[in-house]
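Reading through the structure tokens given below for one structure.
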Amino acid sequence: MSDTPLLDATGVAKSFGAVKALTDAKLSLSEGQVVALMGANGAGKSTFVKILTGALKPTAGRVLIRGQEARVGSPAEARRSGLVPVYQEPSLIPDLSVADNLKLGDTPVAPFRAWLDELGIENLRLTDMIADLPLATLRILDLARALAAEPDVLLLDEMTAALPTNLVENVLKTVRARADAGMGVIYVSHRFTEISTLCDSATILRDGRTVGELPIEPGVEDRAVELMLGAKIDLGKRKAGAARLNTGTPRLSVQSVAAAPKLTDVSFDLYPGEVLGVVALEGQGQDELFDVLAGFAAPTAGTLAVDDRPVGFNHPADAIAEGITYVPGNRADALLSQRSVRENIALPFAARIANWGPLKRRYEKERVDYAIEKLQIDTRAQGEVQRLSGGNQQKVTIGRWIAKGVETLLLFDPTRGIDVRTKRQIYPLVRELAGQGAAILMYTSELEEIPLACDRCIVIFNGRVVDMIDAADADEQTLMRAAYGLTEAA
Amino acid sequence: MSNVTSDPVFTRAGRHLAQNPMIPLVVFLLVLVAALEIMRPGIVTPFRAGRDGIISTFWLGNLIKFAIPLAMLAACQVLTMLTAGIDLSVGIIATVAAFVCATLAGSLGTTPAVLIALLCGVTTGLVNGFGVGIVRVHPLIMTLGTGLIATGCLQVYQRLVINAGTEIPTFLSWLGTGRTLGMPNGLFVFIPFAAFILWLMRHTGFGRLLFALGSNENAARLSGVRGWQVYLALYALSGLIAAVAGLLYLGMIRQPSLSLANPLLLPSAAAAVIGGTSIFGGRGSYAGAIVGALILRVLDTMLTLLQMPEGARTALFGLIILAVTALYVRITGSR
């Protein structure tokens with residue numbers, strides 16, 4: 001075997017307009033090596049993965065495969081050069097049978113079956129429709145298909161998320177065996193336990209650049225967390241007051257709630273006047289949790305109670321009737337992009353049949369003006385919300401509920417992708433609402449926001465609450481460790 | 001330099017037109033009328049032909065009279081298109097209402113006959129609304145389906161009443177063919193109707209929800225809007241409007257048949273689209289659709305004057321609709 005690395009990416013950069021997603025990413029992989037690729041939310045992991053697999057073209061840098069410049073222009077070309085990816089979302093066509101999906105990718109059937117047996121999937125018929133199979137099985141099918149293609153480099157992107165433990169074990173064992181036989185593996189994951197059993201080294205990304213390549217050895221977790229954090233922009237300060245004493249009945253009580261596919265068991269109480277933070281790495285079940293609380297999805301287990309009354313939601317309107325309002329993570333989901341700021345903010349006023357009649361212009365204007373002023377929304381682009389900046393659009397989605405009156409507010413990553421100035425406006429606003437008696441649940445992907453806006457936070461890992469931390473103790477190191485499931489208790 | 005300055009001016013003009021789509025539409029209508037006058041001098045301006053006034057009230061009244069049922073059915077399309085839907089059953093609903101009214105008026109009297117006719121429209125509309133809002137069938141398929149079912153039911157019904165004969169209520173004849181001050185009496189229905197639709201779209205919670213559902217159904221849901229309620233009410237209203245238009249058309253044509261108002265279906269959708277309503281939802285104007293209906297009527301007159309064979313007329317009609325829509329999109333940069 002030669003010394004040339006199987007895959008060698010250096011100086012990889014990628015810009016989307018003015019946004020630099022990657023500035024200087026590198027990764028090197030030799031035969032028989034398993035490299036973990038790690039990074040906090042927004043570090044540029046997904047962009048880097050997309051470049052390696054040919055889904056995106058880098059703006060600078062190069063990717064060498066076996067010492068040859070890989071002109072990876074498309075996923076198909078990446079496959080031909082020997083790099084096969086397996087993603088978190090299965091890439092199989094739901095309305096075709098297993099056999100037809102194999103034909104589409106020119107996958108030989110015999111080795112595919114052999115790998116399936118090895119991975120522990122039995123009694124699967126090739127005539128089964130993909131749409132009828134459980135998600136966990138689909139992930140394994142994807143992996144078996146990738147292995148059957150006998151790749152030089154296998155890229156696994158969060159593929160063990162929401163897999164049952166026995167299957168995870170099979171996957172790790174099989175992949176390790178293939179690596180020992182000479183295959184190179186890039187393993188994108190948040191899970192230190194898996195990384196330490198499977199990987200030889202970890203490449204850490206932060207703010208679009210590779211900041212470290214660590215060998216896997218005892219104590220690597222602390223070093224990795226430190227590298228992922230780095231220095232952050234100062235977002236302002238909040239005096240950490242005395243910890244709140246929550247007494248009385250909780251506004252919202254969540255008991256052992258589970259929801260497909262990722263939320264397994266979450267319980268907590270949210271009190272009036274409190275901002276409860278939710279800390280989680282991407283895809284730990286927080287999306288499902290907020291969907292359940294907002295009435296978008298029904299839980300598969302567990303109970304919800306508002307002011308000690310059990311409740312069940314079939315529609316967001318039911319949640320709103322209980323005073324629970326939701327600002328989703330994706331602004332495009334919440335806005336009427338072609339309509340005006342006012343119409344967007346006033347939308348909930350017309351929702352109920354009783355309000356289908358003539359608009360109550362004066363009342364509406366009063367409430368909307370109140371929200372616009374409170375949030376300092378820039379209304380110069382009156383005509384269409386889509387012409388506003390991201391920060392102003394986010395203010396509109398929050399302003400909608402401020403105009404209606406806030407009792408319980410669910411904020412899902414309210415500061416994602418908005419400017420620092422707007423962020424600094426949003427934390428005090430959240431505090432003020434809580435000061436007026438609102439109960440606020442806020443998920444954020446930016447850990448430094450927790451001490452700024454929250455009273456305490458729960459940490460969700462792998463679909464469960466693994467920790468509860470007071471704002472006073474919530475320094476980033478602690479939060480990051482907890483988010484990676486590294487707390488002593490876990 | 002000239003590029004730098006002229007470009008913003010052009011885009012600004014485009015944006016201005018996008019916000020005021022009525023301007024190019026009305027201009028286009030006037031151009032068509034002028035072209036008609038050139039083709040047949042004296043048809044519009046009576047001082048050559050020796051009729052009354054500056055513009056022939058006879059010609060204008062005729063134009064408006066035949067545009068009214070079309071503009072009413074176009075309201076159905078505008079309202080449903082706002083939610084990214086369409087109502088392909090309006091033609092047959094209008095026909096059913098007219099036929100049912102004409103066959104029952106003799107035996108039951110005018111008022112019950114009219115009420116039953118309107119009920120037919122609302123019922124069909126409710127079925128549409130149930131399919132679209134609750135079962136979530138695509139509006140195109142749903143309304144096509146109910147339209148076909150209604151066509152079949154009408155044929156069965158005709159067998160049953162084959163000996164009953166038909167009678168056109170005098171009230172409908174008066175609305176359909178009578179004139180007041182040279183203008184068609186249909187305006188007594190249409191002006192309040194148009195005012196109601198304009199008010200409904202701009203000044204009611206219901207109208208706002210139509211725009212909201214068409215722009216982003218998810219955002220509406222998030223705000224607590226139960227979409228099915230809106231769809232049910234919307235398609236029921238559309239069915240009712242279609243039935244009213246059918247009764248008016250009956251008074252105008254005075255010859256009920258099994259396909260009376262069917263030919264108005266596609267022009268009604270065309271009038272809405274020409275008038276600036278987006279079939280993708282969230283954008284639309286009823287005033288535009290009214291001008292769109294007038295444009296289609298003038299075009300039809302022109303093609304008749306050219307004495308083209310029927311086939312060529314239909315083909316040219318389609319071509320002109322496409323051209324007008326493409327031009328409109330080009331000017332305003334909207335869909």
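Letters go in sequence order (proteins before strands), and every chain restarts at 1.
Heavy-atom distances place no part of A/Ala294 under 4.5 Å from chain B, backbone and side chain included. Heavy-atom distances place the side chain of B/Leu209, and not its backbone, under 4.5 Å from chain A. Both the backbone and the side chain of A/Asp333 come within contact range of chain B, with heavy atoms under 4.5 Å apart. Of the atoms belonging to A/Arg352, not a single heavy atom falls under 4.5 Å from chain B. In this structure, chain B has no heavy atom under 4.5 Å from any part of A/Gln386. Contacts between A/Leu336 and chain B at a heavy-atom distance below 4.5 Å involve backbone atoms as well as side-chain atoms. Proximity to chain B (any heavy atom under 4.5 Å) is shown, for A/Ala321, by neither the backbone nor the side chain.
Classification of B/Arg226 and A/Asp318 as a salt-bridged pair holds, one side-chain N sitting under 4.0 Å from a carboxylate O.
Put simply, CD on A/Gln338 and CZ on B/Phe280 are 11.5 Å apart, with the number rounded to the nearest 0.5 Å. To the nearest 0.5 Å, the span separating OG on B/Ser215 from CG on A/Leu335 amounts to 10.5 Å. Of the inter-residue distances, the one linking A/Trp356 atom CH2 with B/Gln229 atom CD reads 5.5 Å to the nearest 0.5 angstrom.
The shortest heavy-atom contact between B/Asn216 and A/Ala332 is ND2-O, 2.7 Å. Between B/Arg202 and A/Leu359, the closest heavy-atom pair is O-CD1, 3.9 Å. In plain terms, the two heavy atoms of A/Ile320 and B/Ser223 that are nearest each other are CD1-C, 3.4 Å. B/Ala219 and A/Ala334 make their closest contact through CB-O, 3.2 Å (heavy atoms, listed as atom of the first residue, atom of the second, distance). Residues A/Ala317 and B/Gly224 come closest through the heavy atom pair CB-O, 3.4 Å.
Between A/Phe296 and B/Arg221 there is a side-chain heavy-atom pair separated by less than 4.5 Å.
Of all residues spanning residues 393-405 of chain A, those with a heavy atom less than 4.5 Å away from chain B's heavy atoms are A/Arg400, A/Trp401, arranged by number.
Applying the 6.0 Å contact sphere to CZ of A/Arg362 captures no more than 12 heavy atoms from other residues, nucleotides or ligands.
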